[in-house]
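Have a look at the structure below before the remarks.
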Protein chains: 2
Amino acid sequence: MGTPLPRDPIADAQRNWERHGWGDVAAPMAAITAIMRTQQILLARIETVLKPFGLTFARYELLALLSFARSGALPMNKASALLQVHPTSVTNAVDRLEKAALVARSPHPTDGRTTLIELTAEGRTLAKKATAALNAEVFGQSGFGDDDVDHLIRVLGTFRRDAGDFTEE
Amino acid sequence: MGTPLPRDPIADAQRNWERHGWGDVAAPMAAITAIMRTQQILLARIETVLKPFGLTFARYELLALLSFARSGALPMNKASALLQVHPTSVTNAVDRLEKAALVARSPHPTDGRTTLIELTAEGRTLAKKATAALNAEVFGQSGFGDDDVDHLIRVLGTFRRDAGDFTEE
DNA sequence: TCCAAACCCTTGGATGTCCTAGTATATTGC
DNA sequence: GCAATATACTAGGACATCCAAGGGTTTGGA
């Protein structure tokens, strides 16, 4: 997107909020906006690393999830729940992964409503390679200090729990 | 998307990473994944609040930016830089806002390449109302503690600066 | 037993984001 | 002064996300 700005646009927004008398919510506004922007940056990095593998983040997440499934297969609704995305998003991702022969659909043995998705051999291999690349080029160079990582995991974990993502812990 | 999961899927992923011998990057992976998911939750909240106004977050951000512009108008490329999105995304947002009579395009007085965007009276009014709603229903109830907000602003600010978003500060 | 309610997946539509390319206007350098 | 380069916006296409709605399957209560 281009050249660095001379000043932090989010800090500017925070100052604008304060100037307009919304000082009580200026800081949370800045924090939330920063999260939105950080996600955008991280997503761009991830997509850049995955592109050579012909994967997007959404498809990679599904491959990775399947690669960790004990049985090697998951019902679509289970995948939707674990990835915390809309069922139609999973349908979309599976359509494309299936076309690329990385996963396969199969009927559930006892429940006629359910469709199972399973990694193909190619899918499993590609998942391994893509994970190695992400580990080396993104997660291993996040730019966050160890203490900050711990803090983020804790604070955002609490947030996600309070938002209803999960119960325990 | 539904019922809370019994366990945190991101904590599970972190355990899977450790189990596979990627313990050195498991924590950053979890932190990054948590940022992605938190963004999704926050975006959903924001869109819910904006929906009654007929706005999306992308369009709201543009309205808000214009409402703070001293001159009351901004070149599209300036808006693109400040919002940190691709120029075509701004074109898209302006198209829809213009159709809704919330902003207007006008030619730049001296540079024939440039298009200025300006709030209409309706646009200015709607921006005010939408901001009040977001302040009350999202930013004012972020769920983050004051200390966590400060920490997020600082950590993510450093991250964004290192990522090339801006220079100073 | 049987029908209504619940559940699962897919299709179609609306939005947003990015990339690539194309057109028009400015600026720069020879 | 003019050609080459740079900049600004837009058009078209690929993807992802969500919502609404539809068709098939299961479950549960009358």
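Sequence lines set the chain letters: A, B, ... in the order given, protein chains first and strands last, and positions in each chain run from 1.
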message: Heavy atoms only, 4.0 Å cut-off, all strands: where does A:N77 land among base, sugar-phosphate and nothing?
response: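 Sugar-phosphate: the residue A:N77, judged by heavy atoms under 4.0 Å, touches backbone atoms but no base.
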- request: Determine the contact category for A:T110: base if any of its heavy atoms lies under 4.0 Å from a base atom, sugar-phosphate if only primed atoms, P, OP1 or OP2 are that close, otherwise nothing.
  value: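 Sugar-phosphate, backbone atoms only, no base.
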task: For a salt bridge (Lys or Arg N to Asp or Glu O under 4.0 Å) with A:D8, tell me which candidate from B:R161, B:R154, B:R160 qualifies.
output: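 That would be B:R160.
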Grab the [atom1]-[atom2] distance between [X] and [N] for me, whole Å please.
X      : N      : atom1 : atom2 : answer
A:F57  : D:dA16 : CZ    : P     : 12 Å
B:H108 : C:dA24 : NE2   : P     : 20 Å
B:H86  : D:dA16 : NE2   : P     : 18 Å
A:L97  : D:dC15 : CG    : C1'   : 13 Å
B:D95  : C:dT15 : CG    : C1'   : 13 Å

message: Taking A:V85's backbone N and O only, do any of them form a donor-acceptor pair with A:S89's side chain (distance below 3.5 Å, no angle check)?
response: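 Here the side-chain-to-backbone pair does not exist.
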message: Using only modelled atom types and a 3.5 angstrom limit, is any donor from either the side chain of B:T88 or the base of C:dC19 paired with an acceptor on the other?
response: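 Pair found.
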message: Both B:R113 and B:R59 contact DNA chain C. Which one's nearest nucleotide lies toward the 5' end?
response: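 Comparing both residues, the 5'-ward one is B:R59.
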- prompt: Cut-off 3.5 Å, side chains only: do B:N135 and A:W17 have a donor facing an acceptor?
  reply: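 Yes, A:W17 and B:N135 have a side-chain donor paired with an acceptor closer than 3.5 Å.
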